[in-house]
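Order of listing sets the numbers, starting from 1, for every ligand and every atom in it.
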Amino acid sequence: MKIIISKIVLSFIFSCMFVYAAYANTNTTQFEFEGMDVNAEHIAIFIDKDGALSEAVANISAKTDGRLETALKDAEFEGEFGKKLHLYGLSPFKSIIVVGAGEGALSVRQLRDLGGYVAQASNNNHSLSVITAGLDTTVEQSAAQLAMGYALGSYAFKKYKTKKEATGKQQTRTVSFHSDGFKAAKTLFETDLNHVVTGVKFARDMGTEPGKTIYPESYAQGVRKLFNGVANVKIEVMGLSQMKRNNMGALIGVGQGSVHDPRLIIVTYMGGERDMAPIALVGKGITFDTGGISLKPNKGQWAMKSDLSGAAAVAGTLYAVAKRGDKVNLVGVMAMAENMPSGDAIRPGDVLRTMSGKTIEVMSTDAEGRLVLSDAITYVQKEYDPRLLINIATLTGSAARAMGEDYGVVITRDWDLAQDMMRIGKVAGEDVWPLPLNKNHYKAIRSDIADIKSTAGNPGASIGAAVIGTFVDEGRKWVHLDIAGVDWLSKAKPTTPKGHAGWGVRFLDAVVREEQQAE
Ligand code: BES
Ligand code: ZN
Ligand code: MN
């Protein structure tokens, strides 16, 4: 009893201490869209692979009395895609960022990458004008796609840096994208793409924050803050007593070793017809994964602060879709718990009774993601009967070893659906690649004393999917995403800086868009 009271007091104190602050970069960036009148000190331009200057860039070069063209020749700059060059002193400009645009017509993904390259080359202390006219593309409002790439590529988490960088002053800088038809680009960016950016940034913030500040209840507060004032959204945060009433023995079990109680967060967005079945997104939200009694080794354990990446992607996606005001019904369920070892923690060999009634023998307390997801999935099927169920989780090291940092694992029971996911991911800029799930994987998780056991060796990613699949209704359209490899980058990509990727917001957002068109 004493322990219970001190737990309650402790979690209350911690909840009060936590404030989800807006993440203060030294400078805030404002995005503008303008015509071809360029009066800036710092600019960015793009050069095709054939080296020929577009009319827009030729006009810029003329302002430098042709010295820009000479500089490009002297630098032997050939416009290879993503290649960067920084030129100084070509007055009237103080600096010119040159980025290669490569060969052929640019896709949405490539346009975003180009924006990201500019962001990574630019000095964040002054304003910048990006000349987007003249790019070889058939994509409409390409300036908006470039801006999205820039916004994603310039993300930085500076909350815990005490020294203000460079000037030391907080200032607003403007990044302007210059094109013809800039008004439509501005509209697309402000009413759509920028909401996706905000969703990705939220996910990155949550995945980067230490476990000390982000635990189930503080995460729930972050979600509440994110959705504050967003229309047609309802947020429910389920605590321990309600979980007990729902017999969620798996989620409760995983969370019971921590001073921070688990939470099941349900965010619904009802933008579609009232009677239309929703799409459900279910995310693993382990705010820190020590492995529990099956303790993880020391090396790299700090990175387990981002074991809530699935849940963060779910929140970010719901935000983007809701802010855009899509005509769709969407439910996001986030299964939040901290996986800690303690005298109260579950043990290897324990048997947990899930909400579905099925029992799971816990072979390793480090295979906790599948446990929390089993109850979340049962809940969402029972309450919402979704027409499409997608779960997303940093589930297995096995997925990370198979795919590295370039592909999320997709597992489905339907090859057409897997192929749809690959196609959507490719366009969205977050790739997935399939792994199998068949009856042998289900056979492997048979338990001697319970209905199933939680682990069964190799192939780890498919075994994990089989455990989760045990709780997915037969015949339900289901996609399992294992993002253990892609959620954290050791090296920057154009639109994703090193660190937490916020992986899944762009992917899931694209899936939701496509599902609406398919209706
Ligand atoms: N959160 C980890 C998976 C993970 C590993 C994510 C590396 C990101 C990077 C998960 O909870 C876990 O510990 N999985 C175990 C499962 C095993 C015990 C069957 C693993 O993959 O080792
Ligand atoms: Zn985990
Ligand atoms: Mn684990």
Side-chain angles (χ1 to χ4, degrees), residues 203 206-208 211 214-216 219 250-251 253-255 257-258 262 282-313 334-341 345-350 352 360-374 376 391-409 411 435 441 444-445 447 452-468 470 480-490 499-504:
M206 289 297 116
T208 311
I214 297 293
Y215 43 88
Y219 178 87
L251 177 56
V254 170
S258 171
V282 179
K284 167 180 173 181
I286 300 300
T287 58
F288 196 84
D289 182 11
T290 64
I293 296 299
S294 313
L295 196 62
K296 282 184 181 298
N298 177 355
K299 194 166 172 280
Q301 205 187 115
W302 64 271
M304 284 302 125
K305 67 179 181 173
S306 67
D307 210 21
L308 46 54
S309 300
M334 293 165 264
M336 312 305 300
E338 187 181 39
N339 189 20
M340 290 295 249
I346 53 168
R347 314 151 190 78
D350 279 0
L352 303 177
I360 309 178
E361 186 183 7
V362 176
M363 305 309 286
S364 161
T365 63
D366 197 11
E368 82 296 340
R370 57 202 74 186
L371 299 177
V372 300
L373 286 175
S374 69
N391 66 263
I392 177 165
T394 46
L395 204 76
T396 66
S398 161
R401 286 189 293 277
M403 300 289 164
E405 297 182 350
D406 291 331
Y407 292 87
V409 165
I411 294 180
L435 283 178
H441 303 123
I445 56 169
S447 158
I452 61 165
K453 57 183 181 181
S454 68
T455 75
N458 289 333
S462 295
I463 296 291
V467 172
I468 291 169
T470 301
H480 166 78
L481 298 168
D482 191 337
I483 61 168
V486 286
D487 75 310
W488 190 276
L489 296 190
S490 59
H500 198 264
W503 199 101

Any sub-3.5 Å donor-acceptor pair from D482's side-chain atoms to L395's backbone N or O? yes
May I ask you to identify the nearest protein heavy atom to atom 17 (C) of ligand 1, giving residue, atom name and distance to one decimal place in Å? A367 CB, 4.4 Å
When rounded to the nearest 0.5 angstrom, what distance separates OG in S309 from CH2 in W488? 8.5 Å
Of all the N, O or S atoms in E368, which has the shortest distance to the Mn ion (ligand 3)? OE1
Backbone or side-chain N or O of D307 under 3.5 Å from ligand 1 N or O: yes
Can a non-hydrogen atom of K296 be found less than 4.0 Å from any atom of ligand 1? yes
Of all the N, O or S atoms in D289, which one sits nearest to the Mn ion (ligand 3)? OD2
Any nitrogen or oxygen of D289, main chain or side chain, under 3.5 Å from a nitrogen or oxygen of ligand 1? yes
Is there a donor-acceptor pair closer than 3.5 Å between any side-chain N or O of T365 and the backbone N or O of P348? no
Quick check: of its N, O or S atoms, which one does D289 have closest to the Zn ion (ligand 2)? OD2
Could you tell me whether a side-chain N or O of Y219 sits under 3.5 Å from a main-chain N or O of A311, the two making a donor and an acceptor? yes
Any donor and acceptor pair, going by atom type alone, linking the side chain of S447 with main-chain N or O of K453 inside 3.5 Å? no
Looking only at non-hydrogen atoms, the one of M304, R370, E368 nearest atom 4 (C) of ligand 1 is M304
The Zn ion (ligand 2) is nearest to which N, O or S atom of E368? OE2
With no hydrogens and no angle check, is any side-chain donor or acceptor of K284 less than 3.5 Å from a backbone partner on T394? yes
The side-chain contact (heavy atoms from CB on, under 4.5 Å) partner of V254 among E338, E368, M340 is E368
Within 2.8 Å of the Mn ion (ligand 3), is there any N, O or S atom belonging to D366? yes
For atom 18 (C) of ligand 1, what's the nearest protein heavy-atom neighbour? Residue, atom name and distance, please. S364 OG, 3.7 Å
Sub-3.5 Å N/O-N/O distance, S398 and ligand 1: no
Using modelled atom types and a 3.5 Å cut-off, is there a donor and acceptor pairing between side-chain atoms of D307 and backbone atoms of M304? no
Any N/O/S atom of G369 sitting less than 2.8 Å from the Zn ion (ligand 2), backbone or side chain? no
for atom 6 (C) of ligand 1, nearest protein heavy atom and its distance come out as A484 CB, 3.6 Å
Is there a donor-acceptor pair closer than 3.5 Å between any side-chain N or O of T455 and the backbone N or O of G457? no
Heavy-atom nearest neighbour of atom 5 (C) of ligand 1 within options G464, G397, A456, G485: G397
Shortest-distance N/O/S atom, D307 versus the Zn ion (ligand 2): OD2
Strictly under 2.8 Å, is the Zn ion (ligand 2) approached by any N, O or S atom of D366? no
Test your reading of the model: is there a side-chain donor-acceptor pair from S454 to the backbone of M363, 3.5 Å cut-off? yes
Side chain, backbone, both or neither: which part of L395 comes within less than 4.0 Å of ligand 1 when only heavy atoms are counted? backbone
Check if G460 has a non-hydrogen atom at a distance under 4.0 Å from any atom of ligand 1. no
